[in-house]
2 protein chains.
Amino acid sequence: MSAPTAPKRRRATGRTTLAEVAQAAGVSPITVSRALRGERAVASELVTRVREAAERLGYVPDPAARALASSRSTQVAVLIPLLSNALFVDLLDAAQRSLLEAGYQSLIGVTHYRPDEEEALLRAYLMHRPAGLIVTGFDRTEAARRLIADSGVPCVHVMETHAEPGVYSVGFSQSDAGRAMTQCLLAHGRQRIAFVAAQLDPRTLQRASGYRQAMQLAGRHEPKRELLSPRPSSMALGAELFEQLMREQPDTDAIFFCNDDLAQGALLAALRLGIAVPARVAVAGFNDLTGSDQMLPALSTVRTPRAAIGREAARMLLGLIRGEQPAAPSLDLGYELVLRQSL
Amino acid sequence: MSAPTAPKRRRATGRTTLAEVAQAAGVSPITVSRALRGERAVASELVTRVREAAERLGYVPDPAARALASSRSTQVAVLIPLLSNALFVDLLDAAQRSLLEAGYQSLIGVTHYRPDEEEALLRAYLMHRPAGLIVTGFDRTEAARRLIADSGVPCVHVMETHAEPGVYSVGFSQSDAGRAMTQCLLAHGRQRIAFVAAQLDPRTLQRASGYRQAMQLAGRHEPKRELLSPRPSSMALGAELFEQLMREQPDTDAIFFCNDDLAQGALLAALRLGIAVPARVAVAGFNDLTGSDQMLPALSTVRTPRAAIGREAARMLLGLIRGEQPAAPSLDLGYELVLRQSL
DNA sequence: CTGAAAGCGCTTACAG
DNA sequence: CTGAAAGCGCTTACAG
């Protein structure tokens, strides 16, 4: 009853292999591979036999072997600017969920709004031969653009839309949204409307340009009421910029913040300073982040469909991975003005 | 000048392979492999030669081939309950960053506080042979526990600590933190202190038990002042529970919320209802989330070191992956009471 | 310190 | 509709 001596060159991992399933089912390995992936025509009787054998043996395909042999993986790289902005977390959460349901894992990458970091992440992740790619917006280095194109990996751009053959995107028009909220403030009788922004990423600047267009169209544009800070967005910064603006341009009668966290901070600062909102100054935000409906007064804002964007981007990407052509390469999911008491 | 006819059985991927680097450097493939990984002793002259050749040819190792041959990948699975709780996002962000620096990618998994979802994720991710695993807390199914143990994949538990041989953890004592804040409220002269919680995950219940211990010790425990809701935590729920508590137990003179979002919602509700904080009722939160310092009054809370937890968990895991034994298998990073105007 | 051989567990490309 | 052979690009396990 001595233990069998191990053969010299063994290094099996112990897991059940496709070959073992094949033997158990009495077919060839290729047939098992095809039956399990549902690829090509396999006699339905064999499919059943293979499935049963796989089930019985607890067979789990090895993703590494699969990736090596097919040069495709089941991972999707998702690149977002920041994890500290709830906007992107919502998007990521929705995308991740949809991808997981379809059997794909998400490799997240945080670019910190820096094109060089994005390029480095792209380089690192692309060597993993991801099945697909989700990237934020269109603002990237030429090298990054080429990396994506040369990789041949299907790619969907999120948050903005862009009509160009071979480019896929899911988002909405940031400048339209910026224009719409500004026009709404104008329609409510506000005239000296300020725009306050932080971070100054491409999409923030698009909102700014929407604001500017609307103000110019109304003949009310005053550059002095634009307060643009490159610092990262936060409630604390919103409070600070609000105080600065009310000090420097005290006759401002409305403020459009490029993000809700700034606006929330401003609302709390107004409370501290005893500045009446909306009586003296109306306040509007962007994104309808959590808590905006709880503010005092409740914050008017632009609701953006980030969860839907994540979901639809995943759906579009899965189609591209299957080799399908999406109905529309650019999907505009729109936005919605949410008017609450701050206006 | 006709194009060369492709040989019959080619399916090279076009990328530079290790073999090509070996040929260029005039050494064997194994030597390249070892030189590039810095493993085992390789003559330093050869290392230089190999590095140069790899650089020149733009060689990028194939992770799939590497994973298949070595049965280990460069991916770490990180399982957290929720992406909508900033606490976990901060932890994930820090862990992800540290892991990336060391050449590891993070595969995130969201369990929604459900042991069955965690078990399914574990099953799905473990088949990818991750190099390591980071999981939240210790509350999981027996099957999940076994999956982790049987996989042999190094695993670090975060948020809680637990001293047991072979179990690695980075966190702090949730019950100590709950007790400390309660004692702080008592020390400030509050006597009818309520505890309001949502979600009711294991860590929330540990905080509750810390509260209970402190109250019992002071001879002031009144079960009627515990308001526990299984609903997901949010500012809106905090407002709702605050109103309910002030209606049902109007003589409550302090409220300890298990999370800052609840407390923030309560503070705003108090403002709406004209309930003076802290004059009539003191309010304390947990985690020191963003915005808590901006509240009116600013929120007193327990600052938890989630970024440090993420960072240290990554560091401990990287050590375990290298086969090192951590100095202490259980790392307690503590917490800090932050006293602001709400108390 | 270095290498020739085998193997990791799949799928591709042909052929029938 | 099914299969025998080769190959994906690395590393392991030996041997020297």
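The basis for the numbers below is simple: all heavy atoms, side chains too, and nothing from hydrogens, waters or symmetry mates. In what follows, every chain begins at residue 1, and chains take the letters A, B, ... in the order their sequences are listed.
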>> Once pairs are restricted to Watson-Crick or G-U wobble with both distances under 3.5 Å, how does DNA chain C read as a dot-bracket string, [ ] for crossings and | for other-strand pairs?
In response: |||.||||||||.|||

>> Measure CZ/R37(A) against C1'/dT11(C) and give the value in whole Å, please.
In response: 6 Å

> Can you pull the side chain to side chain donor-acceptor pair (under 3.5 Å) pairs that have at least one residue in residues 131-141 of chain B, sequence neighbours excluded?
Replying inline: E118(B)-R140(B), E119(B)-T141(B)

> How far apart are the C-alpha atoms of Q75(B) and H128(B), what are their side-chain angles, what is the distance that settles it, and do they pass the side-chain hydrogen bond (donor to acceptor under 3.5 Å, both in side chains) test?
Replying inline: CA-CA 8 Å; Q75(B) 306 197 329; H128(B) 280 267; 4.9 Å; no

>> Closer than 3.5 angstrom, by distance alone: can the side chain of S33(B) be matched with the main-chain N or O of P29(B) as a donor-acceptor pair?
In response: no

> Atom CG of L18(B) and atom P of dC8(C): how far apart are they, to the nearest Å?
Replying inline: 19 Å

> Would one find a side-chain N or O of R66(B) under 4.0 angstrom from OP1 or OP2 of dG9(D)?
Replying inline: no

> Can E52(B) and R49(B) be counted as an ion pair, charged N to O under 4.0 angstrom?
Replying inline: no

Using atom types as modelled, flag every donor-acceptor pair under 3.5 Å from a side chain in residues 312-319 of chain A to any protein atom, sequence neighbours excluded.
| residue | atom | partner | partner atom | Å |
| --- | --- | --- | --- | --- |
| E312(A) | OE1 | R315(A) | NE | 3.0 |
| E312(A) | OE2 | R315(A) | NH2 | 3.3 |

> Among residues 121-129 of chain A, which contact DNA chain C at a heavy-atom distance under 4.0 Å?
Replying inline: none

>> Whether the side chain of S106(A) engages the backbone of V76(A) through a donor-acceptor N/O pair (distance < 3.5 Å, no angle test) should be reported.
In response: no

> Between R72(B) (CZ) and dT12(D) (P), how many Å, whole number?
Replying inline: 7 Å

> Quick one, which residues of residues 48-63 of chain A touch DNA chain C with a heavy atom under 4.0 Å?
Replying inline: Y59(A), V60(A), P61(A), D62(A)

> Residues in ring-ring contact (aromatic ring centres under 6.0 Å, His included) with H162(B), at least two apart?
Replying inline: F138(B)

> So, Y59(A) side chain and R51(A) main chain: donor-acceptor pair closer than 3.5 Å or not?
Replying inline: no

> Can you tell me how far C1' of dG7(D) sits from CG of L68(A), to the nearest Å?
Replying inline: 9 Å

>> Whether R34(B) contacts dC10(D) is assessed here as follows: a side-chain N or O lying under 4.0 Å from the phosphate OP1 or OP2. Is that the case?
In response: no

>> Quick check on dC8(C): is either OP1 or OP2 less than 4.0 Å from any side-chain nitrogen or oxygen of S71(B)?
In response: no

> Hey, is the main chain of T17(A) close enough, under 3.5 Å, to the side chain of E20(A) for a donor-acceptor pair?
Replying inline: yes

> Okay, side chain of Y125(B), backbone of I108(B): is any donor-acceptor separation there less than 3.5 Å?
Replying inline: yes

> Between dG3(D) atom P and I30(A) atom CD1, what is the distance in whole Å?
Replying inline: 7 Å

>> Within the 4.0 Å heavy-atom criterion, would you say T31(A) contacts the bases, only the backbone, or no part of the nucleic acid?
In response: sugar-phosphate

> Under the 3.5 angstrom rule, does the side chain of T48(B) hit a backbone N or O of S44(B) as a donor-acceptor pair?
Replying inline: yes

> Expressed in angstrom and rounded to an integer, what is the separation of L36(A) atom CG from dG9(C) atom C1'?
Replying inline: 14 Å

> Judged by modelled atom types alone, do Q96(B) and Y104(B) share a side-chain donor-acceptor pair under 3.5 Å?
Replying inline: no

> Whole-Å distance between dC1(C) C1' and E45(B) CD?
Replying inline: 12 Å

> Within the pair S28(B) and dG3(C), is there a side-chain N or O less than 4.0 Å away from OP1 or OP2?
Replying inline: yes

